[in-house]
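See below for the structure under consideration.
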Amino acid sequence: MSKPSSTATAKAPAPRKTGFLYNQRYAPYVFTLPFVLTFLIFFTYPVISTIQMSFQEVLPGATKYIGFKNYENLFNKHYYRAIYNSLIYTALTLVVLIPLPLLFAVMLNSNKLPFKNFFRSTFFIPALVSIVVAGTIFRLMLGQSEGAIVNQIIGLFGFEPQKWLADARLGMIALVLMATWRWLGVNIIYFLSGLQSIPHDIYESASIDGATTWQRFMKITVPLLKPVTIYVLTISIFGGLSMFIESFMLWSGNRSPKDMGLTMVGYIYQQGFEQNNMGLGSAIGLSLLGFTLVLNLIQLKVFGLFKKED
Amino acid sequence: MRKSWFTVVALMLSVMLALTACSGGNNKEPAASKPAASGAASEAPKSDGKPTKIVFWTFQELHQKYYEDMAKKWNEKNPDKQIEFEGSTFPYDDMHNKLLVALQTGVGAPDMADIEISKFANYLKGTPQLAPLNDIVEPELNNLVKSRFDIYAKDGQYYGIDYHVGASVIYYNKEILDKAGVNPDDIKTWDDYKAAGKTVLEKTGVPMTTLETTEQWSLWPLIAQQDGDFLGADGSVTLDSDVNIKTVQYMQDLIKEKIAIGTPGGFHHSEEYWAFMNKGGAASIWMPMWYMGRFVDNMPDLKGKMVIKPMPAWTEGGARSAGMGGTGTVVTQQSKVQEITKQFLAYAKLSKEGNIEIWKQLGFDPIRSEVWEAPELKEANKFTDYFGTDIFTMLSGVKNEIKPVNIGEKTPAIIDAVKRSVMFRTLNDMEDPAKVLKEVAEEVRAQ
């Protein structure tokens, strides 16, 4: 039935402007509908459902509303530790993963550097490696025996072998190290694309006026890269706060001793799935959503992104 | 007008498809193995002689292989009740989460699944979505180790069938002990063990053992031997009992005197530990019987050097073993073929034949204790090649001393706390055992 009719449609002369697709009133809705539907089904519905679950004790056949109990249960030391870890991790990745890629991007953009393409691809390859594989290898590299590779390397500089994954500070360093290894290349790509859109004449006229390389970098490159920097900052904040698999792989499971690698998402996973407490898991998830929203609003406000384009 | 509607709808659908396909990228979990979707789709048995499909999920490939083999044997014996066994192996956490969500939401669960003991209580919360197995368990119960069924029970209903008893034993590296002039048969109590450890350390420079700092297997059998446990029989938290404090203190002392060290990598299933032990890093280790397989697979250089003995007792004549760990196979309520699945499960895990196969193929101490004396268990296999032939002679000797453990609703929470906090703080950070145990016990009680 439908087949002949649809072929007929395809062959039929284009409908007049009165046709549905050409109707100025409906067309915008039609074209945005797929997105709106995806948004409603895969975002709005889960969020509403999460809000609902956060007020429930979710058990098969015995789900019931328990008021704010899940939120009251939030205030415990594991939750604080998870927030602390997530925030510190995010801050550290920001400190490392914005200046460093910027510097590398400038170097890679310079004409004086040989083997440019080789370096570019080398930096980017880690981003293509699965976190599961990378995490496992990092775990083995960070072993506590003298023979583990990282201990061998620091041994060359005269340091004692360390128990990397059994110390809160070293564990955090390990996580940041892994993030740096993995995301450096991606951020370099962002900055490179930003750099390439800066017109060359500006540098030329600056050097004619006698600006040093450093001055040109600070006065031209950095300000003109601001939009890219803000973008990288924003996604890094998201990335930092939602970090989980790195920690999961490094401690071979969501089980780092003394919660040294517990992140907010890790805590959701622990409560929601490992302990079958979906209600509390939902409450943690919503608090994470709140955190991220506030952080990003502040950040966007500070950088003046709400102002109208001039 | 109607025709253009068709175009619009067709267009929308294709765009939707493309979009949802993109958003699939959000799913970061690696596709573990075969598609899992087929779950509840298994159809009711048909009279036309077509085999019944049984879908099974596990986190341990060996278990899947075992059932596949048993399905073949079943089909040979039951031409009128043919089954088509479809097993999938997922990573440990993945499988437990998927199963939990499938049972919670009421769709997509397999007919049969493995649930590890420390997670089992999660599945018994609320109204269990698992099928009671009393009709297959009760007729056989006299031949079985009953305590291995109680741990999977709620309100008198049995929901899971284990693979093994999990009797804890001690594995000695005979080569190292010989060098130190220590005879493992002379080690009767934990005091003897400590003294022997001192000798080994002095004569060979090798620590007597390793203690897990991020898992529970070093501690749990020791307290179970003395009827101490994480939880009481009524499910209340007993983590901070005097027996437990004393035991953790004993372990901490072993480390202080360098007789023991913290396990490299934190637990006895880490690659680091296997490499360390394989090189003769420590003289002994106590783990359940099922740990034999790890020796055979991961520490090949110790072949012929390891001997299995009952664990030392706390007092002369005290219990020398405890039933540790385990994985219960369950049948789900969602299954449309519960009857035949149960029959197959009973054949694979409760029958005499099945229990002999469990030893032969998996190297586990079977839950049907009458087969321990069976001649088939003395036949040579890769385990007897590695550890010698008298494994079950030794095990039969402690048959009545295998202490059970208590499992309750708080088990997942308390195991988690022991793993993350208790072991690490007492054995790595050397905090006062009494203080740590009290603090953690209070916390879990409050949950």
Side-chain angles (χ1 to χ4, degrees), chain A residues 2 5-6 8-10 12 15 19-22 26 30-31 33-35 37-38 41-42 57-63 73 76-78 130-132 136 139-140 143-145 147-148 163 165-166 244-245 248 251-260 262 269-270 272-278, chain B residues 1-8 10-16 18-20 23 26 28-30 92-93 96-97 100-101 103-106 119 121-123 125-129 213-215 262 264-267 269-272 275-276 412-413 416 419-421 423-425 428-429 443 446-447:
Chain A
S2 65
S5 75
S6 67
T9 320
F20 187 78
L21 266 183
Y22 290 89
Y26 299 123
V30 172
F31 286 117
L33 195 61
F35 167 75
L37 279 181
T38 328
I41 297 170
F42 294 105
E57 185 183 43
V58 185
L59 290 173
T63 300
N73 286 345
N76 66 64
K77 61 178 186 189
H78 304 290
S130 130
I131 310 184
V132 176
T136 310
R139 180 175 78 232
L140 296 176
Q144 52 182 261
S145 69
K163 286 184 179 177
L165 300 176
F244 165 57
I245 309 181
F248 187 89
W251 277 279
S252 46
N254 193 23
R255 39 177 271 176
S256 52
K258 292 206 293 184
D259 296 336
M260 60 181 62
L262 183 72
Y269 184 84
Q270 180 200 117
F273 294 112
E274 296 183 334
Q275 316 241 349
N276 194 14
N277 194 346
M278 295 277 180
Chain B
M1 200 60 195
R2 253 190 89 214
K3 280 174 193 168
S4 57
W5 259 109
F6 271 117
T7 336
V8 170
L11 217 139
M12 254 172 47
L13 284 178
S14 52
V15 174
M16 276 290 290
L19 277 177
T20 42
S23 68
N26 286 337
K28 285 175 190 154
E29 281 160 22
Y92 178 85
D93 284 299
H96 285 100
N97 296 343
L100 195 63
V101 172
L103 293 176
Q104 195 101 267
T105 53
K119 299 270 183 195
N122 281 340
Y123 300 82
K125 282 186 186 169
T127 316
Q129 301 299 299
T213 53
T214 61
E215 278 205 354
F267 58 116
H269 285 86
S270 70
E271 297 89 349
E272 253 190 292
F276 166 88
D416 196 61
K419 278 184 181 179
R420 287 159 180 266
S421 188
M423 301 321 297
F424 192 81
R425 287 171 63 186
N428 189 75
D429 296 353
E443 198 198 318
Q447 275 173 19

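Just so we're on the same page: letters track the sequence lines, and every chain starts at 1.
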Interface residue of largest heavy-atom contact number with chain B, from A:G272, A:S256, A:A166, under 4.5 Å: A:A166
With a 4.5 angstrom heavy-atom cut-off, is it the side chain or the backbone of [X] that approaches chain B, or both, or neither?
X      : value
A:E57  : neither
A:S145 : both
A:L165 : neither
A:N73  : neither

Distance-minimising heavy-atom pair for A:Q144 and B:G265: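 Taking every non-hydrogen atom into account, NE2-N, 3.5 Å.
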Closest contact, heavy atoms only, B:T214 versus A:R255: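 Heavy atoms only, the tightest pair is OG1-NH2, 3.1 Å.
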Which residues share a side-chain hydrogen bond (donor to acceptor under 3.5 Å, both in side chains) with B:N428, sequence neighbours left out: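 Residues passing side-chain hydrogen bond (donor to acceptor under 3.5 Å, both in side chains) with B:N428: A:K163.
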Any residue meeting side-chain hydrogen bond (donor to acceptor under 3.5 Å, both in side chains) with A:K258, in chain and number order, not counting sequence neighbours: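 Partners of A:K258 under the side-chain hydrogen bond (donor to acceptor under 3.5 Å, both in side chains) test: B:D429.
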Interface moiety of B:F276 toward chain A, non-hydrogen atoms closer than 4.5 Å: neither
B:K119 portion near chain A, given a 4.5 angstrom heavy-atom threshold: side chain
With a 4.5 Å heavy-atom cut-off, do [X] and [Y] have their side chains touching?
X      : Y      : result
A:N254 : B:D93  : no
B:V101 : A:F273 : yes
B:R420 : A:H78  : no
A:V58  : B:K125 : no

Interatomic spacing from CD in A:Q275 to CG in B:L100 - rounded to 0.5 Å: 11.5 Å
Partner chain A: residue of B:E271, B:H96, B:K419, B:H269 with the largest heavy-atom pair count (under 4.5 Å):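 Max contact count across the listed options: B:E271.
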